[in-house]
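Submitted below is the structure of interest, expressed as structure tokens.
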Amino acid sequence: MGQPTAEKTGARGFDHIDPPDTEIYLDCVHCGFCLPTCPTYLVLGNEMDNPRGRIYLMRAVDEGKAKITDRFVEHMNLCVLCRACETACPSGVKFGFIMEAARGQIERNYQYPPKERRFRKFILDTFTDLGRMSTLTSLLRFYQKLGLQKLARSSGVLGFFGRLGKMEALLPPIPDRQELPEVMPAKGEKRGRVGLLMGCAQRFFLPQVNEATARVLAENGFEVVIPKDQACCGSLLVHEGERERGKGFARETIDVFERASVDFIVVNAAGCGSVMKEYWELLHNDPVYRERAEAFSKKVRDASELIAQADLNGRLRELKLKVTYHDACHLAHGQKVRLQPRKILKAIPGVQLVELAESDFCCGSAGVYNLLEPDVAQKFLDRKIDRIKETGAEVVVSANPGCTFQIEKGLKEQGLNIRVLHPMEVLDGAYQGTIPPQP
Amino acid sequence: MLSEESLVQRLSALVGPEHVVAGAEVSGYAVDGKTPKAAAFPGSVEETSAVMTFASAEGLKVAPWGSGTKIPFGGIPERVDLVLGLRRLGEVVDYVPEDMTATFQAGTPLKDAQAVLGQKGQWIALDPPHAERATIGGVLATNSSGPRRLRYGSSRDFLIAISVVHADGKITKGGAKVVKNVTGYDMPKLYIGSLGTLGIIVDATFRVYPVFPVEKTYLAPFPTAEAEQQVLNKLLDSTVVPNAVELLNPDAARRTTAQAGLTWQEGSYGLAVAIGSVPEAVQAQIAAVERLCREGGSSQGHILEGTVHHTFWQAVGDFSLGDGQQAVLKASVLLTQVAQAVRMGEAVAAKAGLSLGIISEAGSGIVRYYLSGDRPDRFQQGLAEAVSTLRTFAQATGGSLVVLEAPPDVKGAVDVWGSVGNTFPLMQGLKDQFDPQRILNPGRFVGGL
Amino acid sequence: MIQDKARIIREIEQIVGPKGVVHEEDELRVYETDGLTIFKAMPDVVVLASTAEHVAELVKLCQREKIPYVPRGAGTGLSGGALPLDGGVMIGMNRMNRILEVDYDNKRAVVEPGMVNVWLTNAVGPRGYYYAPDPASQIACSIGGNVSENSGGVRTPKYGVTTNHITGVEVILPNGELVSLGGKTLDAPGYDLLGVFVGSEGTFAIITKVIVRLMRKPEAVKTLMTVFENLEDASNTVSGVVAAGIVPVSMEMMDNNSIVAVEKGVGAGYPTDAGAVLVIEVDGPRAEVEALVDPIRDICKKNNVREVRLAKDDAERALLWKGRKAAFAAMGQISPDYYVQDAVIPRTKLPQILQQISKFSEEYGLRVANVFHAGDGNLHPLILYDSRNEGELEKADEMGSKIMKACISMGGSITGEHGVGREKREYMPLMYTDDDMEAMKKVKRVFNPDGILNPGKIFPTTTPDVKVGLAGQRPIVEKVVGQM
Ligand code: SF4
Ligand code: SF4
């Protein structure tokens, strides 16, 4: 890499802080193999909104042939960063990295219209600030209870609050929070000591998933440490181009789990896991953290990934359930974890796993994409729900909170009585003898 | 216009006097009763070109002629001045067995070509009617094919290169002598089935296939065509890979089995399924076919092999009702409509009092009706009715019906080809481009092209 | 002119709606090239059609205004066939991507042209059927594009190419009229317009519907990965199989460079120290397939095979094929740039041409990766180069044309499946005389009389246009033609 020369910077449309890596987009041979896997291309049907087109546009800016214009920003932001294109690409183009870098360039070098800027800031700040998140959940709980939705509508407060309403629609009924102990002892023969990432959305909106994960880990011989001082992992910020702030969170997360001295860091939210596995890339220019980030990333495991490594411990009871599995983008494409959750589900007596068509097609959640690009996200969601309907399953299994909210919202919209559960919840259910009741 | 004498003289100068036929003898080269002034038999591609250059300069209407087996095909020509016989173009131009490609001149009898290839265990995957006499050029120009097209397709699927002498004498080639080629337009296909109206095929290169170690046929009698249709649907939906699936009406079944020396239950329809492969696979598939047939209501059938097998299929290819006035119609219908097409044929034939043999390449949706009658007046009217009824039926689902053979007076009374809809202007455009003077077989192709 | 462009855009918006029009330079850029990036030409407007009516209206508009126009499918073409060499309107067909009808009993499916090739097989697979032509890009390329290029694939030795599997198309002619060529049934009377249409590279008309043949999946498939120390042994094996009268579904060969690239890219399990890998697949009734495996093994042994690995299940089979199909794109793993050729030779000339190619490779000091459809003599030598090194690009270009000429001199063809398009039009005279080409042009004139549909393709022309150099990825000169 090194510092670009002044001359080069002059010709290029990107600044020299963390620009998309030239070598990566030069790997793109323009073959187009990635096109049909790209959800935005399938829904929008134009080539600016597919990986090849996006790479081409980035390159044009990089080479100084184009500028960071409204159109450029639009097409970069419409990318859901699902990384389906990486799975499809035979040339090994690391699309996620260059897209995140391009978004970083946008954040610095592009002025969003003021309204848009405020909303983006609000969303990102809220979802990554635990204090605010806690306020927000209380607020939203209040909002849900009072039926403020009606008020917001009738009072004609659109724009900002209208979009907030969309956020509310996404959220499941918010359970009252339970505290997990700081350490949970392993059952049976101890296989290792793991740290559990609580995740921002998971911790506030789906605490039951964290609880189930901790129990399942313990059941399978892991001592579970749940550091109280953990903060946001920074994944949303990285996706949205706020790389510098994201790096701050990354460093903090590394610190926290280093202190916990664990063998693995277990994550049950695919989006967080995929970014944490790539801290090495995010921090590769940081002399203090570079090596620590590499060591850290090597220890990160998705919960299913770790559990499926060995046969399941403990007594599994029969669950008479027809389930289907949705491949969260950041698990299937981001972490190449596809078989493990399925293996776990198939191991549970009584569970019938029906394959979901287009199972790895993005549901439209994609971090906060559904809040920032609601119209496109809705099209993905409708498509996903149609496929789910075709399976006839009673439960959709999803290993990412964003997907869970999104799919639940879609099911609700269509009045379908189908549950959405995390693989750890199903497995925990098998240990308990029953899946948790509908909240 | 040239006098006959100078015509013969000029032609003789081009191809040699011994290769020009004129006078009384030339009546053997009449096309639908239109007798040419002369017939010339060039001995090379260059001579063919020279004859065409001459013909176009003189405005002579030319009818190409191979062995004459398909001459009854097509509409009645407007005029025939010169028959261009290709029988002397009979060379094997090129044959590399390891490449599985072979080039023959157009006048080569298909049978001879197959014999050459057969020495290396290969063949051109064509088994058209009258395969004993037909020439390569004639088979291509009329897009003639037979039962085994189910497995291999028709000429368009394995003709890879072609040379053509155009109306103005220019020689061009299209395609290449390699099995896969997309350089330029796929010209060979344009000439297949064009009845010589765009140019005269002088040589053709085929992708050839290995012959099978064994081919056998299961021939089953069925009470109705509908029962056969059911079995056909199931067979095509199974993993059996037949070389041919032929449906025969009782008359055709009776005649062909008799020729092959087989007993046949009077009044039964026949379903003949040919399987080619290694012996084990032939046996297994014949058994599967038998099972399907029995389940579909057939009584005990025959397994044909060896000479019986050969004679049976030859009888199918050379099928004819024998006596009286004859006509052959060919319908192309959906696979699911074969039985219906058979029924319709039976109904019109009965109404018109005509005898009817039906042989259908059922797996390809091709139904051939062989009609005959002994009273010329009724024959003409009956045939006109048959053509119109069956054509309406076939066209309703996008299919077609053409008259392959009929006496000239009958052909004069019906449209031999049927309408080609709004593609006609394109076809006319092609004719205008390739033969602006209209000297190649004028009037014999669709819409009078 | 700009004023005029604004009016044209307004009219186009009236046809397809504003969401179907792309006209800002920022965005048009992504349409300036396709799967072959050495040529670039920017359209003035891209219109994304959703219906045949859209296409008909657009064609009428373009004809009336004398604006050149060109259809584009998935943009995966490898001959620059969809480039708007004279600018004008590009009609994007990718939104027309539905299956309209599947008729199992009649073994036909009716699809829109933007339909992705493999989607069809995915859709009919559960019912035991498939669509046979499978170009390496099948996960992305569109059936309309396949029809235009008469695409091949790896199954051609047994099942033929696209033209053998298309029974009808519905097209919009340059006069705006919709006509059907062929249909669900066979042997339509008259000239075989369908036959000459398939492979016409988008120069005759715009496809709005395709009727394809559906094939029944075979009872059994066996895929053998055979490993050789050198290409010669592998080539002799190919000849041996053919000589034994076996018609395999595929015989695909890769040399060491390709093997290494594929392994880096997708990890198909090819041994990276091998001189050649030959993948042979046979299918058909179980008894037949089983009877073929041993003879093939014997032929391999006779030719010094190092290893014969029979794929034990569908997953292993799929992986072997994934490797082969990813071969081009995987070159990115071992070389910054590559230039792919598509020549065909009579199969028996394989050892000869391979020798020639390696001679050229030494002569020019450029590596070559050979990936080819050995079963039908279709070569894809990939010339590896690095455009950052002064002069390498020109060397690659020169070497490419030498290979092409060598193939022609052995009685071959300049393109087996990628098409002539813009890329190879200057090479047409290597194969065809002026008279041969004139016959082709006659056909073109019938369909596309004034030539404003997809101009500048297939035939050599004296009009200069862009050639931005052979840069796989790094064009040296870049010139955009055809601003309206
Ligand atoms: S698949 Fe990879 S190389 Fe091909 S266009 Fe997409 S990103 Fe580029
Ligand atoms: S990350 Fe997903 S949305 Fe973005 S370009 Fe790749 S496939 Fe498309």
Side-chain angles (χ1 to χ4, degrees), chain B residues 96 98-101 121 143 153 156-157 170-174 176-187 189-190 192-194 209-210 233 236-237 239-241 277-278 280-281 284-285 332-336 364-366 398-400 402 417-418 420 422-423 426-427 429-430 433-434 446, chain C residues 105-106 149-150 152 156 160-161 163-164 179 181 183-193 195-196 198-200 216 218-219 239 242-243 245 247 284-285 287-288 291 344-348 376-378 411-417 419-420 428 431-432 435-436 439-440 442-443 445-446 458:
Chain B
V96 188
E98 298 77 27
D99 286 332
M100 307 194 80
T101 58
N143 189 22
R156 74 194 295 285
D157 294 299
K170 284 216 172 82
I171 306 165
T172 72
K173 62 181 185 314
K177 292 179 182 178
V178 283
V179 293
K180 202 170 166 197
N181 164 46
V182 295
T183 314
Y185 301 136
D186 195 348
M187 299 299 282
K189 292 202 176 45
L190 194 61
I192 296 175
S194 68
Y209 288 86
N233 295 351
L236 296 180
D237 194 34
T239 52
V240 173
V241 184
S277 183
V278 295
E280 309 88 290
Q285 293 186 82
S332 174
V333 298
L334 295 176
L335 302 183
T336 46
S364 310
I366 303 295
S400 59
V402 297
W417 297 100
V420 294
N422 64 357
T423 59
L426 293 170
M427 296 189 191
L430 285 171
Q433 288 284 334
F434 281 83
V446 291
Chain C
D105 283 342
N106 287 306
E149 302 299 320
N150 190 12
T156 57
V161 293
T163 192
N164 308 112
V179 299
L181 313 178
K184 278 190 179 180
T185 57
L186 304 173
D187 292 1
Y191 300 124
D192 188 358
L193 297 174
V196 75
V198 176
S200 59
R216 185 68 175 79
E219 186 180 20
S239 305
V242 172
V247 183
E288 178 176 310
V344 192
I345 42 139
R347 200 166 22 214
T348 41
D376 38 39
N378 190 184
S413 156
I414 60 175
T415 172
E417 54 186 6
V420 176
M428 280 288 276
M431 263 181 86
Y432 296 120
D435 284 348
D436 297 343
M440 294 182 191
K442 283 177 178 173
V443 186
R445 279 198 288 274
V446 171
I458 301 178

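Note: hydrogens, waters and symmetry copies are ignored here, and every other heavy atom, side chains too, is used.
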Item to check | Side-chain heavy atoms of B:Tyr185 within contact of C:Ile458, under 4.5 Å | outcome: yes
Item to check | Heavy-atom side-chain proximity of C:Tyr432 to B:Thr183 below 4.5 angstrom | outcome: yes
Checklist entry - Side-chain contact, heavy-atom cut-off 4.5 Å: B:Val179 with C:Thr156? => result no
Next on the checklist: Any non-hydrogen side-chain atom of B:Asp186 less than 4.5 Å from a side-chain atom of C:Val198?
Outcome noted: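 Side chain of B:Asp186 against side chain of C:Val198, heavy atoms only: no contact under 4.5 Å found.
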Item to check | Donor-acceptor contact present, side-chain C:Thr185 to main-chain B:Gly398, <3.5 Å | outcome: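 Indeed, once roles are kept as given, a pair shorter than 3.5 Å links the two residues.
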Item to check | Derivation and outcome, side chain to side chain donor-acceptor pair (under 3.5 Å), residues B:Thr172 and C:Asp435 | outcome: CA-CA 6 Å; B:Thr172 72; C:Asp435 284 348; over 6 Å; no
Checklist entry - Is a side-chain N or O of B:Ser332 found less than 3.5 angstrom from the main chain of C:Leu186, in a donor-acceptor match? => result yes
Item to check | pair C:Arg216-B:Leu236: side-chain heavy atoms closer than 4.5 Å | outcome: no
Item to check | Min side-chain heavy-atom separation C:Glu288-B:Val241 under 4.5 Å | outcome: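 No, side chains not in contact.
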Checklist entry - Does B:Val96 reach the side chain of C:Arg347, with side-chain heavy atoms less than 4.5 Å apart? => result no
Checklist entry - Under a 4.5 Å heavy-atom cut-off, does chain B meet the side chain of C:Thr415, its backbone, both or neither? => result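 Contact with chain B involves both backbone and side-chain atoms of C:Thr415.
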Checklist entry - Can you find a heavy atom in the side chain of C:Leu193 that is under 4.5 Å from one in the side chain of B:Met427? => result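 Yes - at least one pair of side-chain heavy atoms lies under 4.5 Å apart.
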Next on the checklist: Is C:Ala243 close to chain B through its backbone or its side chain, or both, or neither, when contacts mean heavy atoms under 4.5 Å?
Outcome noted: neither
